[in-house]
Amino acid sequence: MDATRLSGDAVVTGPPIIKDLVGAVPDPELPWVTIAELGVLRGARISGERAVVEVTPTWSGCPAIDAITDSIRAVLTEAGFGLEQIEIHTTYSPAWTTDDITHDGLRKLAQAGIAPPRRPAEDPQGATRCPLCDSSGVRPVSEFGATPCKALMVCNACLEPFDRFKEL
């Protein structure tokens with residue numbers, strides 16, 4: 001069995017094609033970012049003709065978790081591995097944090113115009129920067145943006161609104 005370390009403490013085991021298929025499932029609310037890049041995928045393994053996948057939602061009431069599990073099930077079913085059973089478990093411990101987002105995930109959020117969560121350990125200043133013009137002169141408009149995991153901000157320099165992924 002192959003083992004690959006993902007963000008946080010997650011380990012995904014199984015044939016590389018299995019972890020690649022499951023990890024490549026896009027987040028339904030942020031389809032340019034995969035569940036592996038967001039750190040939502042906690043584990044995946046194949047045991048005989050059974051697949052077991054563990055996911056942790058970004059929020060305990062995340063409305064996207066059902067769509068994520070449906071997509072995982074569809075990808076594994078369509079892969080033609082002859083799996084008799086696909087188990088997808090939603091786990092809440094350890095809780096998901098923004099530290100679980102990979103560097104590729106952070107980069108993709110910024111490229112999509114969403115300010116990625118700050119990482120105080122990596123950037124002690126921790127200022128939110130406008131993903132459109134890179135200004136640090138931003139202000140909050142609302143604690144909730146397009147989804148509960150984001151806040152709505154406005155840049156004082158370019159005057160454009162943008163979402164900021166909240167730190168957890």
Side-chain angles (χ1 to χ4, degrees), residues 2-14 16-45 53-76 88-136 138 140 142-153 155 160-168:
D2 178 47
T4 300
R5 186 144 303 272
L6 291 179
S7 56
D9 293 327
V11 174
V12 177
T13 60
I17 190 80
I18 299 296
K19 72 176 184 228
D20 292 345
L21 284 171
V22 174
V25 167
D27 180 84
E29 294 174 342
L30 307 166
W32 57 89
V33 182
T34 68
I35 63 172
E37 292 165 336
L38 278 180
V40 169
L41 178 63
R42 296 300 178 142
R45 68 181 187 279
V53 178
E54 293 180 16
V55 293
T56 298
T58 57
W59 291 78
S60 61
C62 179
I65 200 67
D66 289 336
I68 289 170
T69 59
D70 290 347
S71 294
I72 291 169
R73 189 173 308 285
V75 163
L76 289 175
I88 303 170
H89 303 282
T90 302
T91 61
Y92 298 96
S93 180
W96 179 91
T97 74
T98 50
D99 289 339
D100 294 325
I101 302 174
T102 66
H103 287 286
D104 280 343
L106 295 172
R107 180 183 51 78
K108 287 181 177 183
L109 288 171
Q111 286 175 336
I114 298 172
R118 298 171 293 214
R119 295 238 167 122
E122 295 173 16
D123 179 13
Q125 302 303 322
T128 297
R129 304 194 68 82
C130 174
L132 307 171
C133 75
D134 201 37
S135 170
S136 62
V138 300
S142 173
E143 279 301 309
F144 295 99
T147 61
C149 56
K150 294 182 286 198
L152 182 60
M153 308 288 285
C155 177
E160 289 294 326
F162 64 91
D163 277 337
R164 176 183 64 83
F165 215 99
K166 296 177 187 176
E167 295 80 23
L168 293 177

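Given the structure is predicted, the values throughout are model-derived calculations rather than measurements.
Distance alone, capped at 3.5 Å, places no donor-acceptor pair between the Thr56 side chain and the Ala95 backbone. Judged by distance alone, with hydrogens and angles left aside, the side-chain atoms of Arg129 form a donor-acceptor pair with the main-chain N or O of Asp134 at under 3.5 Å. In terms of modelled atom types and a separation under 3.5 Å, the side chain of Thr98 and the main chain of Leu168 share a donor-acceptor contact. Side chain of Ser135 to backbone of Cys130: no donor-acceptor contact under 3.5 angstrom is found.
Using a 4.5 Å heavy-atom threshold, the side chains of Cys149 and Phe165 count as touching. Using a 4.5 Å heavy-atom threshold, the side chains of Pro28 and Ser71 count as separate. Cys133 is not listed as a side-chain neighbour of Glu160, based on a closest heavy-atom distance of 4.5 Å or more. Between Leu76 and Val22 there is a side-chain heavy-atom pair separated by less than 4.5 Å. Between Leu30 and Ile114 there is a side-chain heavy-atom pair separated by less than 4.5 Å. Side chains of Thr58 and Asp27 form no contact here, defined as non-hydrogen atoms less than 4.5 Å apart. Contact of the Arg118 side chain with the Thr128 side chain is registered, since non-hydrogen atoms from C-beta on lie closer than 4.5 Å. Counting heavy atoms from C-beta outward, Phe144 and Lys166 have side chains that approach closer than 4.5 Å.
In this structure, Asp104 pairs ionically with Arg107, as a charged nitrogen and a carboxylate oxygen lie closer than 4.0 Å.
One distance of note links CD of Glu29 with CD1 of Ile68; it measures 7.5 Å at 0.5 Å rounding. Note that NZ of Lys19 is 11.0 Å distant from CG of Leu41, once rounded to the nearest 0.5 Å. In this structure, the separation between CG on Leu38 and CD1 on Ile35 is 9.0 Å, given to the nearest 0.5 Å. Atom OG1 in Thr90 sits 9.5 Å away from atom CD in Glu54 (nearest 0.5 Å). A distance of 5.0 Å separates CD1 in Ile72 from CD1 in Ile88, rounded to the nearest 0.5 Å.
Scored by the side-chain contact (heavy atoms from CB on, under 4.5 Å) test, Ala146 finds Lys150, Asp163 as partners (sequence neighbours excluded).
Between Pro57 and Tyr92, the shortest heavy-atom contact is CG-CE2, 3.5 Å. Shortest non-hydrogen contact noted between Ile101 and Pro117 is CD1-CG, 3.9 Å. Leu152 approaches Pro161 most closely through the heavy-atom pair CD1-CB, 4.4 Å. Taking each heavy atom of Ala115 and Phe162 in turn, the nearest pair found is CB-CE1, 3.7 Å.
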Test side-chain contact (heavy atoms from CB on, under 4.5 Å) applied to Thr91 and Trp96, step by step
CA-CA 9 Å; Thr91 61; Trp96 179 91; over 6 Å; no
